[in-house]
Amino acid sequence: MGTRHVEIANALTIDVEDYFQVSALSPHFDRADWHRIPCRVERNIDVVLALLAESGSKATFFTLGWIGERYPRLVSRIVEEGHELASHGYGHHRATDQHRAEFSEDIRRAKSLLEDLAGVEVKGYRAPSFSVGKGNPWAFDCIAEAGYRYSSSVYPIRHDHYGMPDAPRFSHQSRDGLLEIPVTTARWLKTNWPAGGGGYFRLMPYALSRSLIRRVNRVERRSAVFYFHPWELDPGQPRVEGTSLKTRFRHYVNLHRTEPRLRSLLRDFTWRRMDQVFL
Ligand SMILES: [Zn+2]
């Protein structure tokens, strides 16, 4: 008899926001105009829910309060289908652009709005653009004080817009009663490599993403945390003019590959909600 792998359950997470709310594109859209832009998040979430149903996977949806307020049906579908509803804050402000009081108000507003809409406790929070870290440790106090039980706001990699490369790679108590659950990295050559999604998943060959997650599961015996956005499955989204080459590349590269790759990812690993895997 050979060694049997008992497959570890990983946590799948989706940041529920529309393409025009992404931080890198935000200079091109005035917040005051958000409500006039035709929304694509509803149909994209339909695609995501169908993929999850097809593979029997469960996931956590970090949802913007702004989206929940306008599309309450989307929120109830997430809950009805057995997924976890979590918070991505209200207005997609980076915590690094906010004062403590503004940040606190935004994350409390999102929590109570989503809880009222769905009638379930919202336990988890993820900061827009992983904007919580060394420069604003008070943000963890605010998240705990707002009544969240976990946060997934740190990606321990080196990146020009976010990342905290020397942060712990696995879940840990960051405050009394608050668990921080970082997005997954793989450790190789004394460096943390992104293994938990984002643009990297669209850029790298799928086999590489798969081997990094397998390494975390089988060598380190830890659960992985993976994330993506609904707009990453939407090659038909309007192209934003006047952005830098780097932003264009990061946002649009391989959008048509996301759906088939996600299908493979859902088939190759076991995916559950954050609260089921970690709480
Ligand atoms: Zn976001």
Side-chain angles (χ1 to χ4, degrees), residues 11-22 29 31-53 57-95 98 101-129 132 139 142-153 177-179 181 227-234 271-279:
L12 185 64
T13 68
I14 296 114
D15 293 358
V16 182
E17 65 196 38
D18 221 328
Y19 71 95
F20 53 84
Q21 295 167 320
V22 173
F29 296 98
R31 281 171 181 277
D33 294 332
W34 277 6
H35 69 282
R36 279 186 235 142
I37 306 172
C39 155
R40 300 183 69 88
V41 72
E42 271 193 301
R43 69 164 281 283
N44 293 335
I45 288 293
D46 282 349
V47 175
V48 173
L49 289 172
L51 281 173
L52 298 179
S57 310
K58 295 293 176 214
T60 292
F61 289 73
F62 291 100
T63 306
L64 274 190
W66 191 94
I67 294 285
E69 199 166 55
R70 280 155 188 86
Y71 306 102
R73 187 66 204 118
L74 178 157
V75 171
S76 37
R77 284 200 59 204
I78 288 170
V79 174
E80 279 161 22
E81 297 194 20
H83 303 294
E84 182 188 9
L85 180 67
S87 159
H88 196 31
Y90 181 82
H92 213 261
H93 296 275
R94 286 187 206 189
Q98 289 181 305
E102 295 167 327
F103 176 74
S104 186
E105 151 66 22
D106 179 277
I107 65 173
R108 284 169 187 267
R109 182 180 179 190
K111 188 175 193 294
S112 63
L113 191 150
L114 293 169
E115 288 179 344
D116 287 350
L117 279 173
V120 294
E121 185 194 351
V122 168
K123 294 170 271 194
Y125 168 76
R126 173 172 288 152
S129 310
V132 168
C142 297
I143 300 167
E145 284 159 15
Y148 291 104
R149 294 206 251 158
Y150 74 87
S151 149
S152 180
S153 301
L178 183 71
L179 200 62
I181 311 172
Y227 87 105
F228 64 96
H229 302 91
W231 56 263
E232 291 186 274
L233 290 103
D234 182 9
W271 297 100
R272 296 286 171 256
R273 304 156 44 137
M274 277 290 222
D275 58 350
Q276 288 170 338
V277 175
F278 292 100
L279 293 192

* Find the distance between CZ (R109) and OG (S87) and round it off to the nearest 0.5 Å. => 12.0 Å

* Asked: Charged N to carboxylate O under 4.0 angstrom, D234 versus R43?
  -> yes

* Structure fact -> For G91 and D106 the tightest heavy-atom approach is N-OD2, 3.1 Å

* Does NZ or CZ of K111 lie under 6.0 Å from the centre of the six-membered ring of Y125, at an angle within 45° of the ring axis? -> no

* For D18 and Q21, work out which heavy atoms get closest and say how close. => N-OE1, 2.8 Å

* Set of residues satisfying ring pair (Phe, Tyr, Trp, His ring centres under 6.0 Å) with respect to Y150, sequence neighbours excluded -> none

* Taking all atoms of both residues into account, what is the closest heavy-atom pair of F278 and L179, and its distance? -> O-CD2, 3.8 Å

Side-chain donor-acceptor distances from residues 67-74 under 3.5 Å, at least two apart:
{"unit_1": "E69", "atom_1": "OE1", "unit_2": "Y90", "atom_2": "OH", "d": "2.4"}
{"unit_1": "R70", "atom_1": "NH1", "unit_2": "W66", "atom_2": "O", "d": "3.0"}
{"unit_1": "R73", "atom_1": "NH1", "unit_2": "S76", "atom_2": "OG", "d": "3.2"}

* **Working for side-chain contact (heavy atoms from CB on, under 4.5 Å), residues E105 and Q98** => CA-CA 10 Å; E105 151 66 22; Q98 289 181 305; over 6 Å; no

* Asked: Side chain of S152, backbone of I181: donor and acceptor closer than 3.5 Å?
  -> yes

* **Worked verdict on L85 versus V122 for side-chain contact (heavy atoms from CB on, under 4.5 Å)** => CA-CA 6 Å; L85 180 67; V122 168; 4.3 Å; yes

* Considering all heavy atoms, the nearest V79-A118 contact -> CG2-CB, 3.9 Å

* Chi angles and distances behind the side chain to side chain donor-acceptor pair (under 3.5 Å) call for H88, E17 -> CA-CA 9 Å; H88 196 31; E17 65 196 38; 2.9 Å; yes

* Audit row: C142, I107, side-chain contact (heavy atoms from CB on, under 4.5 Å) steps and yes/no -> CA-CA 8 Å; C142 297; I107 65 173; 4.2 Å; yes

* Please report the closest heavy-atom contact between G82 and K58, naming both atoms and the distance. => O-CD, 3.5 Å

* **L178 side, atom CG; I143 side, atom CD1 - distance, nearest 0.5 Å** => 6.0 Å

* What are the two closest non-hydrogen atoms of A59 and I14, and how far apart are they? -> CB-CD1, 3.7 Å

* To do: Any chance you could measure L52, atom CG, to E81, atom CD, to the nearest 0.5 Å?
  => 8.5 Å

* From OH (Y19) to CD (E232), nearest 0.5 Å -> 15.5 Å

* Measure up the Y227 and H229 rings against each other and bin them: parallel (under 30°), tilted (30 to 60°), perpendicular (over 60°). => perpendicular

* Asked: Measuring from D33:CG to R36:CZ, what's the distance to the nearest 0.5 Å?
  -> 4.5 Å

* If you round to the nearest 0.5 Å, how far is OG1 of T60 from CH2 of W271? -> 11.5 Å

* Asked: Do the non-hydrogen side-chain atoms of E42 and R77 ever get within less than 4.5 Å of each other?
  -> no

* To do: Among E84, H83, M274, find the one that has a side chain to side chain contact (heavy atoms under 4.5 Å, CB included) with F61.
  => H83

